[in-house]
Asker: 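First the structure, which I've put down as structure tokens, then a few questions once you've had a look.
Numbering of residues begins at 1 and proceeds along the displayed sequence.
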Amino acid sequence: QVQLVESGGGLVQPGGSLRLSCAASGSIFSVNDMGWYRQAPGKERELVAQITNGGQTKYLDSVKVRFTISRDNAKNTVYLQMTSLKPEDTAVYYCNADIKRIHYLPPKNYWGQGTQVTVSS
């Protein structure tokens with residue numbers, strides 16, 4: 001079994017910062033791409049940021065200069081540092097990862113349970 005466990009969400013005022021963490025655990029051979037998605041009420045889930053196991057990153061345009069994704073490969077953990085938060089960043093944030101459980105099998109995609117981020121005064 002593989003689990004992605006997120007932490008770090010909460011309520012923050014506009015202009016504030018939060019750091020999300022997501023740790024992959026269980027029977028893991030390797031972790032490929034890791035990322036963060038978000039879903040606001042009434043909207044579709046969207047990719048916020050993604051990072052390869054080599055450290056290449058990509059971001060949603062609206063968060064590019066405010067959010068930073070990083071990972072610790074030794075801990076199978078991905079982080080999302082969010083700064084200058086805006087009310088429109090309010091959403092449930094989901095961790096996502098492509099994980100190989102056995103070396104000869106293709107990777108499978110896994111989701112975390114989601115963590116709420118609310119930006120409000």
Asker: Taking all heavy atoms of Lys100 and all of His103, pick out the closest pair and write down the distance.
Answerer: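 Minimum heavy-atom contact is NZ-O, 2.9 Å.
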Asker: Do Phe67 and Trp36 have ring centroids that are under 6.0 Å from one another?
Answerer: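 Aromatic pair excluded; centres sit 6.0 Å or further apart.
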Asker: Does Arg71 make a cation-pi contact with Tyr79 (under 6.0 Å, within 45 degrees of the axis)?
Answerer: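 No - Arg71 does not lie over the ring of Tyr79 by the 6.0 Å and 45° rule.
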Asker: Transitively linked via ILVMFWY side-chain contacts under 4.5 Å: Ile69 with Leu20?
Answerer: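 As far as the 4.5 Å side-chain criterion goes, Leu20 and Ile69 are connected within one cluster.
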Asker: Going by heavy atoms in the side chains, are Asn32 and Ser30 under 4.5 Å from each other?
Answerer: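 Of all side-chain heavy-atom pairs linking Ser30 with Asn32, at least one is under 4.5 Å.
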Asker: To the nearest 0.5 angstrom, please state how far the OG atom of Ser21 sits from the CG atom of Leu80.
Answerer: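 Rounded to the nearest 0.5 Å, the OG-CG separation comes to 9.5 Å.
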Asker: Could you pull out the closest heavy-atom pair between Gln116 and Ala91, with the gap in Å?
Answerer: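 Heavy-atom minimum between the residues: NE2-O, 3.4 Å.
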Asker: Any heavy-atom pair between the side chains of Leu47 and Lys58 that's under 4.5 Å?
Answerer: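 Of all side-chain heavy-atom pairs linking Leu47 with Lys58, at least one is under 4.5 Å.
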Asker: Are any non-hydrogen side-chain atoms of Met34 and Gln50 less than 4.5 angstrom apart?
Answerer: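 Side chain of Met34 against side chain of Gln50, heavy atoms only: no contact under 4.5 Å found.
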Asker: Which heavy atom of Ile51 sits nearest a heavy atom of Val78, and at what distance?
Answerer: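 The pair with the smallest heavy-atom distance is CG2-CG2, 4.0 Å.
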Asker: Are Arg66 and Tyr59 close enough that some pair of their side-chain heavy atoms sits under 4.5 Å apart?
Answerer: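 No, too far: nothing below the 4.5 Å cut-off.
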Asker: Just how far is it from atom NZ of Lys75 to atom OG of Ser25, taken to the nearest 0.5 Å?
Answerer: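 Reported value, rounded in 0.5 Å steps: 14.5 Å.
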Asker: Checking Glu88 against Thr90 for the side-chain hydrogen bond (donor to acceptor under 3.5 Å, both in side chains) test, could you report, in this order, the C-alpha distance in whole Å, the side-chain angles of both residues, the deciding distance, and whether it holds?
Answerer: CA-CA 5 Å; Glu88 52 262 44; Thr90 296; over 6 Å; no
Asker: Which pair of non-hydrogen atoms, one from Asp89 and one from Ser84, has the smallest distance, and what is that distance?
Answerer: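 So the two residues come closest at OD2-O, 4.5 Å.
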Asker: With the side chain counted from C-beta on, respond yes when Tyr93 and Val117 share a heavy-atom pair under 4.5 Å apart, and no when they do not.
Answerer: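 Of all side-chain heavy-atom pairs linking Val117 with Tyr93, at least one is under 4.5 Å.
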Asker: In Å and rounded to the nearest 0.5 Å, what is the OG1 to CG distance from Thr118 to Leu85?
Answerer: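 Thr118 atom OG1 to Leu85 atom CG measures 10.5 Å (nearest 0.5 Å).
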Asker: Can you tell me if CD on Gln3 sees more than 12 non-hydrogen neighbours from other groups inside 6.0 Å?
Answerer: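 Count not over threshold, so no.
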Asker: Is the closest side-chain heavy-atom distance between Ser120 and Pro87 below 4.5 Å?
Answerer: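 In short, these two side chains do not touch, never coming nearer than 4.5 Å.
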Asker: Heavy atoms only: give me the nearest Ala24-Leu4 pair and the separation to one decimal.
Answerer: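 The pair with the smallest heavy-atom distance is CB-CD2, 3.4 Å.
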Asker: If every non-hydrogen atom of Gly8 is compared with every non-hydrogen atom of Leu18, which pair is closest and at what distance?
Answerer: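 So the minimum-distance heavy-atom pair works out to O-CD2, 3.8 Å.
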Asker: Hey, is the main chain of Gln39 close enough, under 3.5 Å, to the side chain of Arg45 for a donor-acceptor pair?
Answerer: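 Checked: no pair found.
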Asker: Flag the pair Asp61 and Lys64 as a salt bridge only when some basic side-chain nitrogen lies within less than 4.0 angstrom of an acidic carboxylate oxygen.
Answerer: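 Lys64 and Asp61: salt-bridged.
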Asker: Can you tell me how far CD of Gln81 sits from OG of Ser17, rounded to the nearest 0.5 angstrom?
Answerer: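 Between atom OG of Ser17 and atom CD of Gln81 there are 6.0 Å.
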Asker: Can you tell me how far the OG1 atom of Thr68 sits from the CE atom of Met82, to the nearest 0.5 Å?
Answerer: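 Between atom OG1 of Thr68 and atom CE of Met82 there are 11.0 Å.
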Asker: Quick check for you: to the nearest 0.5 Å, what is the distance between Ile28 atom CD1 and Ile99 atom CD1?
Answerer: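 Going from the CD1 atom of Ile28 to the CD1 atom of Ile99 covers 4.5 Å.
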Asker: Please answer whether the main-chain N or O of Asp33 pairs with a side-chain N or O of Thr52 as donor and acceptor at a distance below 3.5 Å.
Answerer: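 No.
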Asker: State, yes or no, whether a side-chain contact exists between Glu6 and Tyr94 at a heavy-atom distance under 4.5 Å.
Answerer: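 Of all side-chain heavy-atom pairs linking Tyr94 with Glu6, at least one is under 4.5 Å.
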Asker: Can you hop from Tyr37 to Leu60 via hydrophobic side chains spaced under 4.5 Å?
Answerer: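 No, separate clusters.
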Asker: Under 3.5 Å, is there a donor-acceptor pair linking the side chains of Asn73 and Asn53?
Answerer: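 Asn53 and Asn73 do not have a side-chain donor-acceptor pair below 3.5 Å.
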Asker: Can you tell if the side chain of Val63 reaches within under 4.5 Å of the side chain of Arg38, non-hydrogen atoms only?
Answerer: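 The answer is yes; the side chains approach within 4.5 Å.
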